[in-house]
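Beneath this line is the structure, given in structure tokens, with notes to follow.
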There are 2 protein chains.
Amino acid sequence: MKISTKGRYGLRAMIDLATYGTSDTPVYLSDIAKRQGISEKYLEHIFGLLHRAGLVKALRGRKGGYLLTRLADTITLDEIITVLEGPCSLVDCVTDATACPKIDTCVTREIWSMLGSKIEEALKGLTLASLAERQIQKTQHDIPMYYI
Amino acid sequence: MKISTKGRYGLRAMIDLATYGTSDTPVYLSDIAKRQGISEKYLEHIFGLLHRAGLVKALRGRKGGYLLTRLADTITLDEIITVLEGPCSLVDCVTDATACPKIDTCVTREIWSMLGSKIEEALKGLTLASLAERQIQKTQHDIPMYYI
DNA sequence: ACTATTCCTATCAGATTACTAGGAGATAAA
DNA sequence: TTTATCTCCTAGTAATCTGATAGGAATAGT
């Protein structure tokens, strides 16, 4: 039950984009990669996912780059993580009723379902803007989590 | 972010053990495997983990089998899942401070840490006994016709 | 002794992960 | 128009993880 690099790198890249990009000036993928210490080629692949999911806009050619399609305070972490890690269902039978024949009598399915909902709910309550803001504050002074 | 078969099978096996075993009569691994529709050989491996973690006792030889080391209402799901899936930390840097140099300024780490704690908290609030109980109630509503 | 059980190690095919390589297409600046 | 940067796309690949399977040793009741 681990988050892969796709999810970890992707989230950091999105925060980077929210921090360094504006609504009209795109950010180079190479700059994000450098700042975040991620392989450029690999990050390219991750941005492919984010792009196809409609979370970022891409401008090709010279002076191109990426920018957010929406304002950072309307993008939740749930959207980002779902794109990069798949739906928050911890087991397939929660989203796919045909995955197991014992669906209506299985008590573990209820547990996984409940747990998945909790994660989803927590992620829906966090916006990209709040993280970017906190990241800026954090690099200045170290503020405890509960001030978010 | 998925639970593997080790976690899924293992939890179901523990519920089975809590349901069919008593404090002195062990349950055959083969019976659990049959009831739960799991490969016997694979389940053997899973019980190895549970055994080494001290969650189940093993009786070798004829009339042997497995039983819980403690009462089912003192065993939380958190213990079981931790043994089978590893600690609930979604990323390594939460438990291992040397995993990343940006630890004290990284805002995503706080998110993963918070999320992991939520999962852990939820799993700690559920006992094996409560699940076994619920499983029994759930199957009673679904008794085949020929038993009436 | 015989049989039924747990226990242990080793093996293995297939899937996934985390990249890397190379080039095609787009666009602004020269 | 050419060139220098950019994104975009497909393919490949080594390492690791998953989900088993195989065979036999240890143990204990009959």
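Everything numeric in this text was worked out from a predicted model, so none of it was measured. Letters A, B, ... are given to chains in the order of the sequence lines, protein chains preceding strands, and every chain is numbered from 1.
- Using a 4.0 Å cut-off, no side-chain N or O of A/Arg60 falls inside it from OP1 or OP2 of D/dT5.
- The side chain of A/Tyr42 approaches C/dA18 more closely than any other nucleotide in the set D/dG19, C/dA18, C/dT6.
- Look at NZ on B/Lys63: it is 10 Å from C1' on D/dT30, rounded to the nearest Å.
- Note: CG (A/Leu67) to P (D/dT7) measures 11 Å, nearest angstrom.
- The residue among A/Glu40 and A/Leu59 whose nearest nucleotide of DNA chain C is located toward the 5' end is A/Glu40.
- In the set D/dT21, D/dT30, D/dC9, the nucleotide with an atom closest to the side chain of B/Lys41 is D/dT21.
- The distance between atom CE of B/Met1 and atom P of C/dT16, rounded to the nearest whole Å, is 17 Å.
- When rounded to the nearest whole Å, the span between CG of A/Leu49 and P of D/dC9 equals 11 Å.
- Using a 4.0 Å heavy-atom criterion, one finds that A/His45 contacts no nucleic acid atom at all.
- Taking CD1 of A/Ile119 as the start and CE of B/Met1 as the end, the distance is 5.0 Å to the nearest 0.5 Å.
- Taking atom CG of A/Leu84 as the reference point, atom P of C/dA18 lies 12 Å away to the nearest angstrom.
- Counting non-hydrogen atoms under 4.0 angstrom, B/Gly48 reaches nothing in the nucleic acid.
- Straight-line distance from the CD atom of A/Glu44 to the P atom of C/dG22: 14 Å, rounded to whole Å.
- Across all strands shown, B/Phe47 has no heavy atoms under 4.0 Å from either base or sugar-phosphate atoms.
- Under 4.0 angstrom from either OP1 or OP2 of D/dT21 there lies at least one side-chain N or O belonging to B/Ser39.
- Atom-to-atom distance recorded for A/Leu50:CG and A/Tyr66:OH is 8.5 Å, nearest 0.5 angstrom.
- Between B/Thr5 and D/dG19 there is a side-chain N or O to OP1 or OP2 distance below 4.0 Å.
- The side chain of A/Arg62 sits closest to D/dT5 out of C/dC8, D/dT5, D/dC6.
- Computed from coordinates, the B/His51 NE2 to C/dT6 C1' distance equals 9 Å when rounded to whole Å.
- For A/Ser4, a side-chain nitrogen or oxygen approaches OP1 or OP2 of C/dA18 to under 4.0 Å.
- Salt-bridge formation is not detected for the pair B/Glu85/B/Lys2: no Lys NZ or Arg NE/NH1/NH2 atom is positioned less than 4.0 Å from an Asp or Glu carboxylate oxygen.
- OP1 or OP2 of C/dC19 sits under 4.0 Å from a side-chain N or O of A/Tyr9.
- Candidate nucleotides D/dC6, D/dG29, C/dT6 were compared by shortest atom distance to the side chain of B/Tyr66, and C/dT6 ranks first.
- Residue A/Arg52 is classed as a sugar-phosphate contact, given heavy-atom separations below 4.0 Å to backbone atoms only.
- Between A/Glu110 and B/Lys138 a salt bridge is recorded (basic side-chain N to carboxylate O distance below 4.0 Å).
- Taking the charged nitrogens against the carboxylate oxygens, B/Lys41 and B/Glu44 do have a contact shorter than 4.0 Å, which makes a salt bridge.
- One can place CG of B/Leu50 at 16 Å from C1' of C/dC8, the figure rounded to the nearest angstrom.
- The cluster map of Ile, Leu, Val, Met, Phe, Trp and Tyr, joined by side-chain heavy atoms under 4.5 Å apart, puts A/Val56 and A/Leu71 in different clusters.
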